[in-house]
Amino acid sequence: MRLRTLLVCLAVVPTVAMGTQTVLTAERLLDQSAHLRADVAASEHTGAPLYTLLVDLQAERTASAALWAGSPGAEQELRQRRQATDRAAAEFRRAAAEAGVSVGEVVRQLGDLAVYRGRAEARTGTPDSLLAYYTGLVNEIIRVYQHEFSHSQDAELTQASRPVVSLLSASEMVARQDALLALAGPSRELSASAFDQFTSAVGAQRYLYETWVVPYLPERDRRFYERITTSPAWETKTRIENAIIFENKDSDTGIRLPADVGEWRAAHGSFSMQMATLNIDRARQVLTLGEAKADRLQTEVAWLIGGSGAGLLLVVAIVVAGTRSVLRRLDGLHRRTVAVAERILPDVVARLGSGRPVDESVLPRVTGHRDEVGRINDAFARVVAVSVDGHRQLAAERHGFGMFASGIASRTGNLVSRQLALTEDIQDAFGHDEPLLAQLMRSDQLTVGMRRQIENLLILSGGEVPDPHTEPMRIADLLREAAAEVEDFRRIERQALDEASVQPQRISQISHLLAELLDNATRFSPPRSKVVIRAELVADGLSVEIEDRGPRVATATYEEMNRRLHSAPPYAVLAENAHRLGLFVVGHLAEQLGATVTLRRSVYGGTSAVVVLPGGLLSPADRPAPQPAPRTRPAAEDAAAGAPEAVAAAAPAREAVRTPALPPEPAHANAPSAAGSGEPVPVRTTGPRAVEPAPVPTPAGLPSRRRTDPAPPARAEGAPRPALPAREAARPALPERVPQTHMSQQLRGPRTPETTDRRDPATPEEVADAWADYEQGTRKVEEELRQDQP
């Protein structure tokens with residue numbers, strides 16, 4: 001859209017909108033005025049007969065109660081009350097039919113009036129049901145006042161009409177008291193239920209007067225109300241109510257009222273007429289206010305139409321003149337601004353992001369012109385300058401942060417390497433002390449975890465972890481190396497379903513990725529449960545699945561975690577999720593490897609992590625071949641190896657110590673890896689599966705350690721070395737395990753037969769630590785679920 005067209009639209013659209021709003025507002029005000037006049041007319045035509053019917057029904061209810069109680073002269077008074085009620089009902093029906101007011105329920109209940117009159121004369125049923133009929137009819141009349149004549153569309157009239165309905169309700173409560181006292185009759189006794197109704201009516205009418213009537217009365221009506229409440233009749237009413245409530249006596253037939261009840265009839269006749277006058281005056285004032293409000297609305301409509309028309313003409317004239325002037329002066333500024341926004345500024349930002357120098361002469365400069373367009377041009381130049389400075393500072397901070405993180409990781413990695421070397425020396429020196437060896441191995445495992453966290457920092461800062469491997473590594477050894485990075489490695493069960501090798505330049509990254517997922521699985525699953533990691537070849541490459549038995553996670557949480565895994569987030573997102581950096585590390589590594597990582601719910605209710613590595617990371621020379629039939633182990637080898645039940649969880653192999661941005665360190669002394677240790681590890685082959693069992697532990701349950709310079713493993717006598725197939729001649733021979741050759745000299749000796757009841761090799765401290773990790777992980781998951789919920 002051209003600028004001229006836009007300015008014309010800016011002129012036309014507000015004008016049309018203003019005119020439309022004026023028409024709609026005038027129409028709404030006219031409708032409101034017509035509605036008010038209709039309400040006032042309906043109230044004048046129907047409200048007066050309805051109020052007369054209300055008063056006559058209350059009087060007839062009292063007379064019917066007196067007739068039921070056998071009061072003298074009750075029959076004559078009841079006939080007079082019924083005649084008045086019939087006249088009021090006929091007038092009300094005629095007025096309602098003419099006004100079209102919805103009073104169907106009142107008319108329907110009036111149809112039952114003859115039935116209840118007959119019951120009152122024959123004294124059939126109960127007096128409570130008789131009074132309940134009259135009470136329900138009166139309540140329906142009050143409801144008609146509340147819904148039909150409340151003027152709910154106008155706040156001022158609603159405020160003014162609120163005391164009218166409250167006065168009617170309060171008067172009804174007093175009329176109920178009058179009917180209940182008439183039901184007591186000459187005996188001055190009430191039933192328990194009637195006494196409860198009287199007490200409730202007293203509380204209700206006092207609450208209504210104090211809360212919903214007096215605060216909303218105008219000053220003149222409030223003075224009139226105060227004259228009523230300070231009159232002798234009202235004081236007599238209050239005194240009799242208090243005496244009935246507090247000075248009654250229980251009798252065999254009910255509750256006996258005090259003698260003061262006899263003064264009620266005269267007092268009620270006096271103050272009830274005054275209250276009726278107040279009700280009528282308040283209703284007339286509301287009607288008068290409605291008429292005045294309708295007149296004011298019509299006047300407002302006239303002024304609105306006249307003023308809006310003049311304003312629209314003025315707006316049109318100003319907009320046309322201003323548009324012509326602005327178009328001329330903004331044309332030049334528009335061309336310069338478009339050039340900077342579309343060509344110059346994006347090029348400057350791209351140069352700053354890539355670290356290249358920026359030519360300051362191409363940026364707009366402050367000219368110092370005093371006219372409006374010149375000030376806008378200068379303001380735009382300042383905005384561009386601030387934006388460029390901000391991008392320059394941001395690029396410098398990002399580069400500095402990467403250098404800072406890399407430096408911290410490098411320095412800390414040196415310390416960790418020295419710590420690992422010291423731990424190895426202590427293990428070699430004190431390997432004969434099994435309790436000390438167990439603690440040293442736990443310290444060694446914690447140090448490995450520290451190294452992995454340092455590598456996380458290096459990965460997140462944009463660096464790469466150097467890989468010390470020079471030869472391809474089998475999948476089984478890769479799984480063992482990843483498990484060695486986890487503190488609770490004893491719970492990890494490894495299954496290499498296919499035999500293949502991974503290229504050496506990507507071994508450390510794949511091992512780190514799997515270690516992060518394994519660490520997460522062990523921390524968020526019960527301390528006694530197993531974490532299974534299995535690897536097999538698939539059509540897209542190598543599939544590695546890690547399955548735990550952790551707590552249930554919602555589907556929405558899985559979707560959110562998978563989004564983090566599939567896209568590398570900026571530093572702002574990392575700062576907001578500092579407690580969940582493991583997923584971001586996995587995402588960075590997966591992006592570098594070209595792998596896909598997916599988290600989903602397992603069939604056991606826990607979490608299953610599926611990693612699919614591309615086929616380009618595998619070594620072509622080590623593709624899986626058809627496996628021979630399972631060979632039968634010689635009896636001598638079975639006897640030397642011991643029963644299968646003697647194989648316990650031991651420390652898995654750990655890769656060579658890796659320090660970020662440093663040359664690779666020598667292989668870890670206590671890592672029993674099949675790839676770099678002298679300790680032979682058997683490989684059982686059954687069909688296509690190649691599951692790596694753990695090494696045999698010492699008699700005390702401690703994991704075996706790799707010697708620094710082990711002698712070549714001795715083979716049992718009479719056990720010839722099996723010949724390798726021709727297709728596998730290029731691969732190195734698989735090592736074989738000889739019983740007790742991996743153990744220190746002090747631990748070698750005859751095996752002790754195991755009993756059926758074996759003790760758990762884990763110490764109480766290890767069990768306590770594992771359970772604490774599980775509880776901490778469970779609480780962390782629950783907290784994350786609560787944070788993720790809306």
Examine the side chains of Thr85 and Glu60 and answer whether a donor and an acceptor come within less than 3.5 Å of each other. yes

Contacts satisfying ring-ring contact (aromatic ring centres under 6.0 Å, His included) that involve residues 121-142 (not counting sequence neighbours) are Tyr116-Tyr133

Would you please name every residue forming a side chain to side chain donor-acceptor pair (under 3.5 Å) with [X], sequence neighbours left out?
X: Gln274; result: none
X: Asn242; result: Arg206
X: Glu140; result: Arg143

For residues Leu181 and His268, determine if any side-chain heavy atom of one lies less than 4.5 Å from a side-chain heavy atom of the other. no

Residue pairs involving residues 170-180 (criterion salt bridge (charged side-chain N to carboxylate O under 4.0 Å, His left out); sequence neighbours excluded): Arg61-Glu172, Glu172-Arg176

When the side chains of residues 305-313 are checked against the rest of the protein, which donor-acceptor pairs come out under 3.5 Å, sequence neighbours left out?
from	atom 1	to	atom 2	distance (Å)
Ser308	OG	Thr22	OG1	3.1
Ser308	OG	Leu304	O	2.7

Would you mind writing out the side-chain donor-acceptor pairs for residues 68-76 within the sub-3.5 Å range, not counting sequence neighbours?
from	atom 1	to	atom 2	distance (Å)
Gln76	OE1	Arg79	NH2	2.5

Can you sort out the partners of Ala243 under side-chain contact (heavy atoms from CB on, under 4.5 Å), two or more places apart, ordered by chain and number? Glu247, Pro258, Asp260

Sequence-distant partners of Tyr225, ring-ring contact (aromatic ring centres under 6.0 Å, His included), two or more places apart: Tyr209

Residue pairs passing the side-chain hydrogen bond (donor to acceptor under 3.5 Å, both in side chains) test with at least one member in residues 193-202, sequence neighbours excluded, are Asp128-Ser193, Ser191-Ser193

Enumerate the residue pairs fulfilling side-chain hydrogen bond (donor to acceptor under 3.5 Å, both in side chains) with a member in residues 7-20, sequence neighbours excluded, ordered by first and then second residue. none

Set out, in order, the CA-CA distance, both residues' side-chain angles and the distance that settles salt bridge (charged side-chain N to carboxylate O under 4.0 Å, His left out) for Glu91 and Arg87, then state yes or no. CA-CA 6 Å; Glu91 179 65 20; Arg87 290 193 298 269; over 6 Å; no

Go through the structure and list residues passing salt bridge (Lys or Arg N to Asp or Glu O under 4.0 Å) with Glu300, not counting sequence neighbours. none

